[in-house]
Amino acid sequence: MTVDTAMLNANYKQKVQLQRTYFTEHVPFSLTYRVQQLKLLKQAITDNQDALIEALNTDLNKPEFEAYLTEVGFVLNELSDTIKHLKKWMKPQKVTTPYYLQPAKSHIHASPLGVCLIIAPFNYPVSLCLSPLIAALAAGNTCIVKTSELTPTVSQVLTSMINATFPPEYVQCVEGEVEQVTALLTQKFDHIFFTGSTQVGKIVMQAAAKQLTPVTLELGGKSPCIVCADTNIDVAVKRIVYGKMLNTGQTCVAPDYLLIDEKIKDKFLQTLVKRIIDLYGEDASTSGDLGRIVSQSHTQRISRLIDAKKVIVGGDIDITQRYIAPTVMDNVSLDDAIMQEEVFGPVLPVISFIKFAEVLEVIDRLPAHPLSAYIFTESKQTQSLLTSKIQAGGLAINQCIQHLANPNLPFGGVGLSGIGSYHGKHGFDCFSHQKSVLTAATWLDLPLLYPPYKHKLSLLKKYLNNSAHQLLIKP
Ligand code: NAD
């Protein structure tokens with residue numbers, strides 16, 4: 001189907017203009033208004049939760065448990081947390097004012113940015129669309145939200161839900177593919193929040209740069225999972241299999257590959273293989289707990305990364321059914337295809353190390369700073385060494401993925417894995433401008449700063465060198 005670009009641009013321009021007028025007329029939305037809107041969203045999600053869970057099952061074969069845990073329940077929890085804390089987050093933050101500016105008071109006001117654009121990916125199509133929306137509305141913005149075209153059923157439910165809940169001048173959900181995003185990106189937004197691949201993140205940032213629009217980029221990368229010889233093998237295996245197979249490996253923070261101490265590799269892999277078979281059965285295609293890859297082309301992409309000679313469990317693929325069995329590949333080297341890109345599927349490559357220095361060498365040889373890193377060890381010294389050495393968006397020690405479930409921790413990447421962060425108060429901050437406000441008193445007006453400057457320089461030097469405390473007049 002050919003797209004009329006001029007019509008598309010005009011249509012989006014009108015949508016943005018509608019929101020800009022509404023924003024300008026109402027800024028700043030009051031606490032009461034924002035809470036009301038968040039409650040409306042909460043009600044809408046609650047009313048539509050069955051439809052959302054069913055749609056997630058249709059598009060990704062997501063098990064109901066996972067759909068609730070990582071999507072519907074996740075955003076409902078984020079909404080409750082935001083509603084509970086919003087009054088505190090909105091309160092101007094008092095900061096100290098140095099003596100040379102007295103008498104005065106200083107505050108930081110979190111002020112809204114304006115009209116925001118949120119672009120969502122396919123893998124957690126509900127939470128990665130609604131979670132930034134919650135933060136944007138809490139911070140007092142208006143929003144246009146673009147869902148992922150790869151999960152069309154979810155996209156349809158979200159679009160009708162959002163557009164039935166909010167007026168278009170406040171929040172509007174749009175559907176579309178590359179052409180639509182391209183047209184959207186030619187509009188002037190006040191902030192763009194993009195979640196997706198590093199490759200598309202670059203396109204978004206280039207388009208945003210033309211209008212000098214600030215961006216938050218939540219991207220991907222190869223997140224390493226380091227397993228040291230002193231780890232609790234049973235617990236590590238359970239947590240790694242869970243982190244890898246959740247959403248069939250289509251999780252931006254999934255452990256991408258394993259770096260394991262040669263000393264425990266055999267025992268670890270035996271336990272790992274057993275765990276996978278225990279959880280998903282000899283034929284995982286019949287398991288109700290394993291989802292499907294989002295599309296046939298993504299299934300094909302992942303299948304090309306699998307080297308059958310290195311597979312120790314799994315390896316079964318059915319492209320038409322978008323099925324890939326939970327798979328582990330042993331004796332992987334950095335030159336293998338699977339180490340050239342983010343796996344984003346249920347395939348775990350294993351690389352072993354003999355000397356600990358090899359761990360950092362491997363991570364450094366891969367192009368991006370990963371979105372996450374995982375370290376399994378009981379040694380506090382190793383935990384502390386790797387925490388300070390590894391450049392990653394976030395880190396979990398003796399655990400996988402769960403750091404992103406704590407709303408008190410900022411979630412975001414570094415380097416090629418992203419720019420900016422959100423969740424909880426960090427999301428509110430992400431969609432706010434930290435406005436500096438200095439309020440001066442008028443009962444004193446020091447003449448020192450004003451011309452004529454003659455004979456004042458030595459006094460100024462004393463004053464600014466903090467040696468003139470006797471001049472400090474407390475209000
Ligand atoms: P994607 O980059 O292909 O698509 C994301 C969005 O960009 C979609 O809405 C799509 O319509 C749009 N898009 C795609 N191609 C475009 C183009 N050429 N121009 C303009 N817009 C375009 O990502 P995806 O495949 O949906 O998601 C998987 C990727 O997202 C993985 O790399 C994963 O690591 C990353 N991801 C990151 C996070 C995070 O929070 N950091 C979360 C989920 C996924």
Side-chain angles (χ1 to χ4, degrees), residues 3 5 8 12 59-60 70-71 74 78 117-132 135 144-152 154-155 158-159 173-187 192-208 210 215-223 243-244 246-256 293-295 297-299 301-302 340-345 367-372 392-394 401 403-405 409-423 426-427 430:
V3 177
T5 313
L8 211 52
Y12 289 143
D59 290 341
L60 291 159
T70 62
E71 305 254 28
F74 183 85
E78 181 114 11
L117 172 66
I118 293 168
I119 302 174
F122 77 78
N123 58 332
Y124 291 90
V126 175
S127 54
L128 294 176
C129 169
L130 296 180
S131 183
I144 291 180
V145 184
K146 210 296 279 175
T147 54
S148 172
E149 70 279 21
L150 294 182
T151 44
V154 174
S155 174
L158 277 176
T159 308
C173 189
V174 297
E175 295 185 271
E177 307 184 13
V178 176
E179 291 85 354
Q180 283 74 14
V181 188
T182 308
L184 268 171
L185 289 173
T186 60
Q187 311 306 319
I192 298 175
F193 188 103
F194 170 82
T195 308
S197 59
T198 300
Q199 187 195 354
V200 179
K202 289 179 186 172
I203 296 172
V204 170
M205 193 160 173
Q206 269 174 358
K210 290 198 179 125
V215 290
T216 302
L217 301 177
E218 295 282 339
L219 311 176
K222 285 184 88 62
S223 299
K244 184 72 188 184
L246 184 76
N247 203 26
T248 330
Q250 300 165 107
T251 302
C252 54
V253 288
D256 186 275
I293 305 302
V294 71
S295 67
S297 68
H298 273 267
T299 317
R301 178 191 66 77
I302 300 162
Q340 309 312 311
E341 60 188 81
E342 182 182 6
V343 178
F344 223 57
H369 298 326
L371 185 56
S372 294
I401 292 188
H403 58 304
L404 77 74
L409 289 172
F411 175 63
V414 61
L416 290 182
S417 60
I419 296 175
S421 59
Y422 73 130
H423 284 186
H426 307 283
C430 167

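Just follow the structure's listing: the first ligand is 1, and inside any ligand the first atom is 1. Count residues from 1 along the sequence. Remember, predicted model here, so these are calculated numbers, not experimental data.
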Visitor: For ligand 1, indicate whether the residue Thr198 contacts it via side chain, backbone, both or neither (heavy-atom separation under 4.0 Å).
Guide: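 No part of Thr198 comes within reach of ligand 1.
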Visitor: Are any of the side-chain heavy atoms of His423 and Cys430 separated by less than 4.5 Å?
Guide: no
Visitor: To which protein heavy atom is atom 2 (O) of ligand 1 closest, and what is the distance rounded to 0.1 Å?
Guide: Ser197 OG, 2.7 Å
Visitor: Does at least one non-hydrogen atom of Tyr124 fall below 4.0 angstrom from an atom of ligand 1?
Guide: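 For ligand 1, residue contact (heavy atoms, under 4.0 Å) with Tyr124 is absent.
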Visitor: Give the residue and atom name of whichever protein heavy atom lies nearest to atom 15 (N) of ligand 1, and the separation in Å to one decimal.
Guide: Val200 CG2, 3.5 Å
Visitor: Within the 4.0 Å heavy-atom shell around Ile119, which atoms of ligand 1 are there?
Guide: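 Counting from 1, the qualifying ligand atoms are 6 (C), 7 (O), 9 (O).
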Visitor: Which of the atoms in ligand 1, numbered in the order shown and given with their element, are less than 4.0 Å from a heavy-atom of Asn123?
Guide: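 Reading through ligand 1 atom by atom, the close ones are 43 (C), 44 (C).
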Visitor: When rounded to the nearest 0.5 angstrom, what is the spacing between CZ in Phe193 and OG1 in Thr216?
Guide: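 Going from CZ on Phe193 over to OG1 on Thr216, the span is 5.5 Å.
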Visitor: Take Val174 and Thr159, measure what side chain to side chain contact (heavy atoms under 4.5 Å, CB included) needs, and give me the verdict at the end.
Guide: CA-CA 7 Å; Val174 297; Thr159 308; over 6 Å; no
Visitor: Can you list the atoms of ligand 1 that are under 4.0 Å from a heavy atom of Leu128?
Guide: 42 (C), 43 (C)
Visitor: Can you label the angle between the Phe411 ring and the Tyr422 ring as parallel, tilted or perpendicular, going by 30° and 60°?
Guide: tilted
Visitor: Tell me, which protein residue and heavy-atom name are nearest atom 34 (O) of ligand 1, and how many Å apart are they?
Guide: Glu342 OE2, 2.6 Å
Visitor: Taking only heavy atoms of Glu218, which atoms of ligand 1 are found under 4.0 Å from at least one of them?
Guide: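 The atoms of ligand 1 under 4.0 Å from a heavy atom of Glu218 are 37 (C), 38 (C), 39 (C), 40 (O), 41 (N).
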Visitor: Flag the pair Leu117 / Leu185 as yes when at least one side-chain heavy-atom distance between them is below 4.5 Å, and no otherwise.
Guide: yes
Visitor: Taking the side chain as everything from C-beta on, heavy atoms only, tell me whether Arg301 gets closer than 4.5 Å to Glu341.
Guide: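 A side-chain contact under 4.5 Å exists here.
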Visitor: State the SG-NZ distance between Cys173 and Lys146, to the nearest 0.5 angstrom.
Guide: 9.5 Å
Visitor: Once rounded to the nearest 0.5 Å, what's the spacing between atom CZ of Phe194 and atom CD1 of Ile203?
Guide: 8.0 Å
Visitor: For atom 35 (C) of ligand 1, grab the closest protein heavy atom and report residue, atom and distance to one decimal in Å.
Guide: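 Its nearest protein heavy-atom neighbour is Gly196 O, 3.2 Å.
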Visitor: Nearest 0.5 Å, please: how far is OG in Ser197 from CD in Glu218?
Guide: 13.5 Å
Visitor: Enter the distance from Leu371:CG to Leu404:CG here, rounded to the nearest 0.5 Å.
Guide: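 Leu371 CG to Leu404 CG: 8.5 Å, rounded to 0.5 Å.
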Visitor: Tell me the contacting part of Phe194 for ligand 1: side chain, backbone, both, or neither, using a 4.0 Å heavy-atom threshold, strictly below.
Guide: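 Under 4.0 Å from ligand 1, Phe194 contributes side-chain atoms alone.
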Visitor: Considering Thr195, Leu150, Leu219, which one's heavy-atom position lies nearest to atom 5 (C) of ligand 1?
Guide: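 Closest candidate by heavy-atom distance is Thr195.
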Visitor: Minimum distance, heavy atoms only, to atom 9 (O) of ligand 1: which one of Ala120, Ser295, Pro121, Ser421 is it?
Guide: Ala120
Visitor: Under 4.0 Å, heavy-atom basis, I'd like to know which part of Leu371 is in contact with ligand 1: side chain, backbone, both or neither.
Guide: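 It is the side chain that touches ligand 1; the backbone stays farther off.
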Visitor: For ligand 1, which atoms have a heavy atom of Phe411 less than 4.0 angstrom away?
Guide: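 In order of numbering, the contacting atoms are 40 (O).
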Visitor: Please could you name the atoms of ligand 1 that Phe344 approaches to less than 4.0 Å, counting only its heavy atoms?
Guide: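 Going through ligand 1 atom by atom, the ones under 4.0 Å from Phe344 are 28 (C), 31 (C), 33 (C), 34 (O).
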Visitor: Using a strict 4.0 Å cut-off to heavy atoms of Gly220, name the atoms of ligand 1 that fall inside it.
Guide: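 Those atoms are 34 (O).
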Visitor: To check your reading of the model: name the closest protein heavy atom to atom 11 (O) of ligand 1, its residue, and the distance in Å.
Guide: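 Looking at atom 11 (O) of ligand 1, the protein heavy atom closest to it is Glu149 OE1, 2.7 Å.
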Visitor: Considering heavy atoms of the protein only, find what lies nearest to atom 36 (N) of ligand 1 and give residue, atom and distance to 0.1 Å.
Guide: Cys252 CB, 3.5 Å
Visitor: Measuring only between side-chain heavy atoms, which start at C-beta, is Thr251 closer than 4.5 Å to Tyr124?
Guide: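 Of all side-chain heavy-atom pairs linking Tyr124 with Thr251, at least one is under 4.5 Å.
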Visitor: Could you measure the distance from the NZ atom of Lys210 to the CD atom of Gln206? Nearest 0.5 Å is fine.
Guide: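 Atom-to-atom, Lys210:NZ and Gln206:CD are 7.0 Å apart.
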Visitor: Below 4.5 Å, heavy atoms only, C-beta onward: do Pro152 and Asp59 meet side chain to side chain?
Guide: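 Yes, at least one pair of side-chain atoms sits under 4.5 Å.
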Visitor: What is the nearest protein non-hydrogen atom to atom 17 (C) of ligand 1, stated with its residue, atom name and distance?
Guide: Val178 CG1, 3.8 Å
Visitor: Could you find the nearest protein heavy atom to atom 26 (O) of ligand 1 and give me its residue, atom name and distance?
Guide: Phe122 N, 3.1 Å
Visitor: Using a plain distance cutoff, I'd like to know if Lys146 has any nitrogen or oxygen under 3.5 Å from a nitrogen or oxygen of ligand 1.
Guide: yes
